[in-house]
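These notes concern the structure reproduced below.
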Amino acid sequence: MEAEAAHEQTLQLTALLDGLAQAAEHIAITRKTLLGLTDEAPLAPAAYQQIMAVFAEADAPLRARNVCESMDLNLAPNNINNVRIKLKRLTRRGILAETEPGLFTRPRPQSPGIQP
């Protein structure tokens, strides 16, 4: 009787371990995929150059919609969201600054501190 119970418990634990091993494999694959999508991926040069050209001409902070207009893009929500994503990425890299939510500009140069 004890041998049967131990055998049954061994089977249950083996099935549990197999399930956990499979879950761990899926997590490893997901992690690898997500790491491949990080912001460290190279920026698509043409789109980002166009965005930076818009900011070079701008005399005030811009929203994603303004950037789309300046780039002669259709003001479809998908285009605005794609530009917003690029603006956020440029902000995270320190290339642009977000002065308030959704409002982007080139960062101001740091003025040297006055030493006593």
Compare every heavy atom of [Y] with every heavy atom of [X], then report the nearest pair and how far apart it is.
X	Y	result
Cys68	Leu75	CB-CD2, 3.7 Å
Arg89	Tyr48	NH1-OH, 3.0 Å
Leu87	Phe55	CD2-CE1, 3.5 Å
Gly94	Pro107	O-CG, 3.7 Å

Practice problem: Spell out, yes or no, whether Ile80 and Val54 are grouped together once hydrophobic residues are joined by side-chain heavy atoms under 4.5 Å, including indirect joins. | Solution: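 Different clusters.
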Quiz item: If Ile, Leu, Val, Met, Phe, Trp and Tyr residues are connected whenever their side-chain heavy atoms lie under 4.5 Å apart, and connections chain through other members, are Val83 and Leu103 in the same group?
Solution: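 No, it is not one cluster - the side chains of Val83 and Leu103 are not joined through contacts under 4.5 Å.
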Quiz item: Which value, rounded to the nearest 0.5 Å, describes the distance between Ile85 atom CD1 and Leu90 atom CG?
Solution: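 CG of Leu90 is found 12.0 Å from CD1 of Ile85.
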Practice problem: First locate atom OG1 of Thr99, then atom CG of Leu62, and finally report the distance between them rounded to the nearest 0.5 Å. | Solution: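 Taking OG1 in Thr99 and CG in Leu62, the distance rounds to 9.5 Å.
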Quiz prompt | Minimum side-chain heavy-atom gap Leu96-Met52 below 4.5 Å | solution =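 Yes, close enough: below the 4.5 Å cut-off.
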Cut-off 3.5 Å, no hydrogens considered: what does the side-chain donor-acceptor table look like for residues 5-19, sequence neighbours left out?
{"unit_1": "Thr10", "atom_1": "OG1", "unit_2": "Ala6", "atom_2": "O", "d": "2.8"}
{"unit_1": "Thr14", "atom_1": "OG1", "unit_2": "Thr10", "atom_2": "O", "d": "2.8"}

Quiz item: Under the side-chain hydrogen bond (donor to acceptor under 3.5 Å, both in side chains) rule, what pairs show up with a residue in residues 70-81, not counting sequence neighbours?
Solution: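 Applying side-chain hydrogen bond (donor to acceptor under 3.5 Å, both in side chains) to every pair that reaches into residues 70-81, excluding sequence neighbours, yields Asn81-Arg84.
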Self-check item: Listed partners of Glu69 passing salt bridge (Lys or Arg N to Asp or Glu O under 4.0 Å), at least two apart
Solution: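 For Glu69, no residue satisfies salt bridge (Lys or Arg N to Asp or Glu O under 4.0 Å) once neighbours in sequence are set aside.
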Quiz prompt | Any residue meeting salt bridge (Lys or Arg N to Asp or Glu O under 4.0 Å) with Arg63, in chain and number order, not counting sequence neighbours | solution =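 By the salt bridge (Lys or Arg N to Asp or Glu O under 4.0 Å) rule, Arg63 matches Glu100.
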Quiz item: What residues, two or more places apart in sequence or in another chain, satisfy side chain to side chain contact (heavy atoms under 4.5 Å, CB included) together with Glu98?
Solution: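 Side chain to side chain contact (heavy atoms under 4.5 Å, CB included) list for Glu98, sorted by chain: Lys88, Thr91, Phe104.
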